[in-house]
Every structure is written in C-alpha cells, then in structure tokens.
There are 2 protein chains.
Amino acid sequence: MAANETGSRTATLSDVARLAGVSIATASKALNDRDDVAVATRQRVLRAAEELSFTPNAMAKGLLAGRTGTVGLLTSDLEGRFMIPILMGAEDAFGAGQVNVFLCDARGDAIREQHHLKALLSRRVDGIIVVGRQTDPRPSLGQEIPVPVVYAYAPSDDPRDLSLTPDNYVGGRMAIEHLISCGRTRIAHITGDPAYAAAQDRIAGARAALDAAGLELVGEPMFSEWTEHWGRDAAAMLLQRHPDVDAVFCGSDQIARGVLDTARDLGRRVPDDLAVIGYDNWEVLATNSRPQLTSIDANLQQLGRQAAQRVFDAIDGVDIGQGTHHLPVRLVIRGSTIPRR
Amino acid sequence: MAANETGSRTATLSDVARLAGVSIATASKALNDRDDVAVATRQRVLRAAEELSFTPNAMAKGLLAGRTGTVGLLTSDLEGRFMIPILMGAEDAFGAGQVNVFLCDARGDAIREQHHLKALLSRRVDGIIVVGRQTDPRPSLGQEIPVPVVYAYAPSDDPRDLSLTPDNYVGGRMAIEHLISCGRTRIAHITGDPAYAAAQDRIAGARAALDAAGLELVGEPMFSEWTEHWGRDAAAMLLQRHPDVDAVFCGSDQIARGVLDTARDLGRRVPDDLAVIGYDNWEVLATNSRPQLTSIDANLQQLGRQAAQRVFDAIDGVDIGQGTHHLPVRLVIRGSTIPRR
DNA sequence: CTGTTAGCGCTTTCAC
DNA sequence: GTGAAAGCGCTAACAG
C-alpha cells in the first residue's frame, strides 16, 4: 500500500459513539474532558476512540467555533535570508499552542499575493503575518481585512497598520560606537544598494554616533551591491585612497568578508591595523572568516515571535496598536574588531 | 481601527442570497458556475456577492467535499539550507492550483513531529510531504496515515514509503569525471562528517569514477566538519603531505571555500595548479569566491516540485509507487576548474 | 449523568 | 429555473 491509501474512511465521532454505545453528544463530552460524564463512560469512549484512531475533524470544529486555530504567513521572498528566522520565530510562537501556519510565498508578485490573501481568507485564518524581503515599506494589504494583520521586517506603508521592523538606525549607531570604543577614529563605510532604506538608516545612525564623538566618516559611504565582490573592490579603492583608515563599517557580512579578503591581500592585519564590522550576523559567514566577524544581529527570530504574539493578542481582542515599531538589534563581538588574547 | 476589527461578521452565502433575493441554493449554483441558473439571476447574485465582499468558507466546503485543498509540509530543520529550496519547489507546484501549504517545523524533535502530524491530520490535509535535513534515512511516519505521504531529501527507512532524494553517488561520480576531463589525475577528497550518508555516497561515486579511469584517490578522504575552517586546515595538511595533487573534490562549497583560501595563501594558482570543485552549489558562496566555484547542484527545488506532484497524483488516486528514488544532480562549471579566457 | 435537538456555512438531490 | 430539505462532523444548550 504505497503512500497509504487505507480504503476505510477515517473514523468520525459517531463511529466512536456507536462503538462505545453512547450518543454522539456524550462521546463529544467525554473526548473534550467535560466534567459531566461518568468515569466509566469516559473510559469506554476513550478506548473506542483509540481503537478507531479517531482524529477530530478540525474543520467541523472550526465551523462551530468561528475560529480555526490557523494563521497565514504571507511572505514575498522565501529564498531571502531574512525570511527564514522570522518564519521560524513565528512558527515557534504558534507551535507551542494549537495553532498551525499556512505558508504562502508570493514571490514578490502583487497578483499572486492577492490570490494567496484570498485563499487565506477563505480558509478563515484567524490572523495574518506579512513578511517582506527588505526593510523598505511595502504596500498595505488594506484596512478591509476581516482578521488582524501584522507586518514583519518590511513595514506597511499605511501608518494605521502595525509593523515590526529591525532598528537599522540604532544598528548603525551601535556599530560605530563599538568601533569608537575600540579606539578607532578613522572610520569608513562600505555598503550595498543606496536605494535600500536599510542602507540609508544605518548610515544615519552611523553619522549620529560619529557626530556625537566629534568625528566624521572617512570619505563618503561607498555604495554598490551587497556582495563579497564589491566588498573586495571597495576595500581596495578605500585603502588606496585613504591609507590611514583604521576601521570599516560594512553594510553586510558579505561585504565585510570581501573587505577582510582585500585587507589580507594587502597585508593589513585585522583587527590590529584595521577593524572590520559587518551587519546581519549571518553565522555561517561571520564565524568562518579569518578572523571571525563582529556583526550586528537584528534578532529576527525574536521579531518573528513578537509578530506572532501580536497576532495572538489581536485575536484575543487585545488592542495591539499601530504604526511602525523598530525592534532592538544587538552587537555580536568577534575577532575582527577585538584582538583575541 | 488598528489591525482591522471590522465589527460586522463576514458575509455568508445566505447573506448574499438574501441581498440578491434568491434562495441559498440558487446563490450557491450561481457562484459556482452551475449552468441551471438564469443569466439575470446569476448577475444579481454575483453583484450581491461583490457588494458584501463575500468569501466562501473553505471549511464548510471541505466538510462536504471531503477534501480540503490543503497539504502538510513537515520539516525537521527549517534553518537548514536544504529545506528552503525544496519547500519553495513544493510551494510552487501547489501554488499554481487551489492548494495551500501547512508548514510545520518539528525542530528535529520526534515528539513535536508527532504532535504536528496529529494537527495536520485533524486539519484533514489531503497529503503530506516530509522534508528531512540530511540524506540519511529517517524513521517512517508509518503506514497508518490516512493520506498520501512523500518523503523528500531524507528518505524514509521503510521501503514501502515513497522517498525522493538527490543522487549523491552520481554527484560524486560527476565531480570526479569532470576533474578527469580537465586533465587532472592526482585528485584528493576533503569532506565533512563521515557519519553522513551523503559523505559516503559521494565517496563511493567518486571512487567508481576514478576506478573507471584507472586512477586512485590521493591519500584517504579527509573527514571532519562541513566548515570553511576545516577546508582551510585540511588543504594545508594535504598540500604539505601531497604537494603533487592537482585537484581537490570537496564535500561542500564551504569546505571548498576554505581550500581556495589556503591555496591562495600557499601560492597555488586555481585552477591552473590546482582545480577545486565544491558540492551543493550554494550560489552565494560559489559565485563570490575567487575564482568562482565549480560545484554539484542537487536540483532541490525540482525535487520539491516532484514531491508535490507525487502527492497530487496520489490524491487523484494514481499509484505513485514506493521505494527510494534518487533524483539527478547537475554539474555547474565555474572558474575553479576551468581557466577563464 | 445522558441523549435529543438545533445549528455552523455550504453543496446537492429532488420536487415544484 | 428555482427552492426546500438533507446532511458533512461536530458542539452547545436543553431536557430527561
């Protein structure tokens, strides 16, 4: 019997009742631990259910209850590195209870997203989390959705929605403050695509921290792609133009890896001659570099968990508020900024 | 109205019927494109549905139809790199139609898996895809599941189940054949944890290819972790012990990155002096190295798609067979084995 | 304590 | 063409 086709229809509550010799209602009560059932009867019902390997039909239940114990996760870019931890966090928060997650990947396509949204609504999900692929604001799903919606990572462009997004401004500030506290004063910035809100927010934070210390960025921020290649090329240019830099704040761990490569090629010792800090704390990159990479971690899993929690709260009727909330990030210090003893 | 609590209950079919001035039955027929409805009536019903933004209740439908248009995706390691493409492939295959995916991550915990399985069954999913985190066989869910089950990546340990897994043997063979076709004859192998079936299968394939060419591996396969660190250390040992190697087959792209690093440090030119081939074709690693990394791609997205297709077929009553099927992998050639002109 | 009854929202005969 | 009625599997009053 490949891939299991048991001919027999799955057992229903009435099958259980019949086998136990009681009414459906009594069977229901027994199975749901209601206290107005004789112990002996409950035993009999439980045994019957066991024997038939009875599994209650969640849909029938949902039909009555009005809630399905189901939430929709509407992502736009499953492949993206940032989606996964958020998704895990959400799954975690839900997984504990009776909730299951519908995963829908719109592949960044608005039409598909609308289609998925419709499907979720028709499945009567109790709530929806929308996970974007960047921290740039995305179009709101609108205010007409009959269930609570929370936006994670990419905030909604409608301030009436509730959005949770990592605090890139503070991230940029923390990175610089760390470098300064390591005694660096000639700090440059290499980052990715200037069109990303993330890039700009981090720069703003970085500049604020420099300002506060009476410092300035060495040269202008260098923009291009979020890749190792760019990190290498940019570092080469930087070190030639400004040989006196003593630290580089990188917009991503990938860029930082490239910077480390070039520093090595040019005989600059990290962190002694040059401190390097990355962003995202992509473990597999950050812990396998030489030296290991100090980085800013956006706590995405926690962000996902919080989004889920908010959806829960809203389902329970709690007012979860609105607007875009910037969640704390954290600094993870490794050998690329602090010499190991 | 944050997070959208529209006070009014979502519209039901009977609301639509009332507004259109017809019976529920007629409204149902009109909305489902049944042909025994007058054109004018249908128009009226459709307009009413539109006006109330009526969304049919999939659960009520499912109760009647006996199928839910829903499949369960039971993964054991969401974080893993291999899960995602499979998951995407499956979502793709399903997404086209009316099917939605329930995502459950068991975090590699059998208890949690059982719990999730129960939840899926009670939600009356039409089928289940089980995605493992390695290519080592995993415990079967058993033959008692009332819906079709397909195992992806990690095969089931029960041959009565249907499993789809990448062909690591052929992958190993292809890697070596490619190196040989590049004129290499002194080939070594650096790989990860010997306890992984993947590691052993690839070695077996590699040895077969070497045999066929009358060659032998240089030294024994070097086992440890699947990390860049190990790749660097192993390469250093290898090049010292066997300075005459002209190619290294690596068990993962991460290891290969490490090997490239060391080769560079020791002044070995890649690919001229030393050809390097990785495994997994992890794009972000493979395309950002110097030179770019030739690698074996397991076509995971396609594997996911196929798994979904099989589940579909089984739902439609097609016999999908049983046993473990090894799906083709492919060689992606880049600069680490072939000099760029 | 237990069983009867009435639905949840929808589709589907089967009369009219 | 259209509508009344019978459920899908289950829970929640309410009687007994």
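Quick caveat, the model's predicted, so the values are computed rather than measured. In what follows, every chain begins at residue 1, and chains take the letters A, B, ... in the order their sequences are listed.
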Q | Axis deviation across the helix from C:dC1-D:dG16 to C:dC16-D:dG1, five-pair ends, to the nearest 10° | A |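 About 50°, once rounded to a multiple of 10°.
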Q. Which ones in residues 37-45 of chain B lie close to DNA chain D, meaning a heavy atom under 4.0 Å from one of its atoms?
A. B:Val37, B:Ala38, B:Thr41
Q: Can you tell me which residue pairs pass the ring-ring contact (aromatic ring centres under 6.0 Å, His included) test with a partner in residues 12-63 of chain B, sequence neighbours excluded?
A: none
Q.
Under the side-chain hydrogen bond (donor to acceptor under 3.5 Å, both in side chains) definition, can you give me all pairs with a residue in residues 45-65 of chain A, not counting sequence neighbours?
A. none
Q: Sort and list the pairs that fulfil side-chain hydrogen bond (donor to acceptor under 3.5 Å, both in side chains) and have at least one residue in residues 108-126 of chain B, not counting sequence neighbours.
A: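 Sorted result for residues 108-126 of chain B: A:Asn100-B:Arg123, B:Thr68-B:Asp126, B:Glu113-B:Arg138.
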**Q.** A:Gln143 versus A:Asp158, side-chain donor and acceptor atoms under 3.5 Å
**A.**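 There is such a pair (donor and acceptor under 3.5 Å, judged by atom type) between the side chains of A:Asp158 and A:Gln143.
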Q: Specify the closest pair of heavy atoms between A:Asn299 and A:Pro328, including all atoms of both residues, with the distance to one decimal.
A: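 It is ND2-O, 3.0 Å.
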Q) Is the closest side-chain heavy-atom distance between A:Ile128 and A:Val311 below 4.5 Å? A) no
**Q.** Heavy-atom protein contacts under 4.0 Å, nucleotides 8-16 of chain C, coded B base, S sugar-phosphate only, - none
**A.** BBBBB----
Results of side chain to side chain contact (heavy atoms under 4.5 Å, CB included) for [X] - residues two or more places apart only:
X: B:Thr135; result: B:Tyr153, B:Thr165, B:Pro166, B:Asn168, B:Ala197, B:Ala198
X: B:Ile84; result: A:Ile84, B:Leu78, B:Met88
X: B:His325; result: B:Leu162, B:Leu164, B:Arg310, B:Leu327

Q) Mind checking what makes salt bridge (charged side-chain N to carboxylate O under 4.0 Å, His left out) contact with A:Arg305, not counting sequence neighbours? A) A:Asp92
Q | Listed partners of A:Asp316 passing salt bridge (charged side-chain N to carboxylate O under 4.0 Å, His left out), at least two apart | A |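 With neighbours one apart ignored, the set is A:Arg67.
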**Q.** Nucleotide range of DNA chain D lying under 4.0 Å from chain B heavy atoms
**A.**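 So the outermost contacting nucleotides come out as D:dG1 to D:dG9.
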(Q) Donor-acceptor check, side chain of A:Tyr151 to backbone of A:Leu141, threshold 3.5 angstrom: yes or no? (A)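 Yes; at least one donor-acceptor contact below 3.5 Å.
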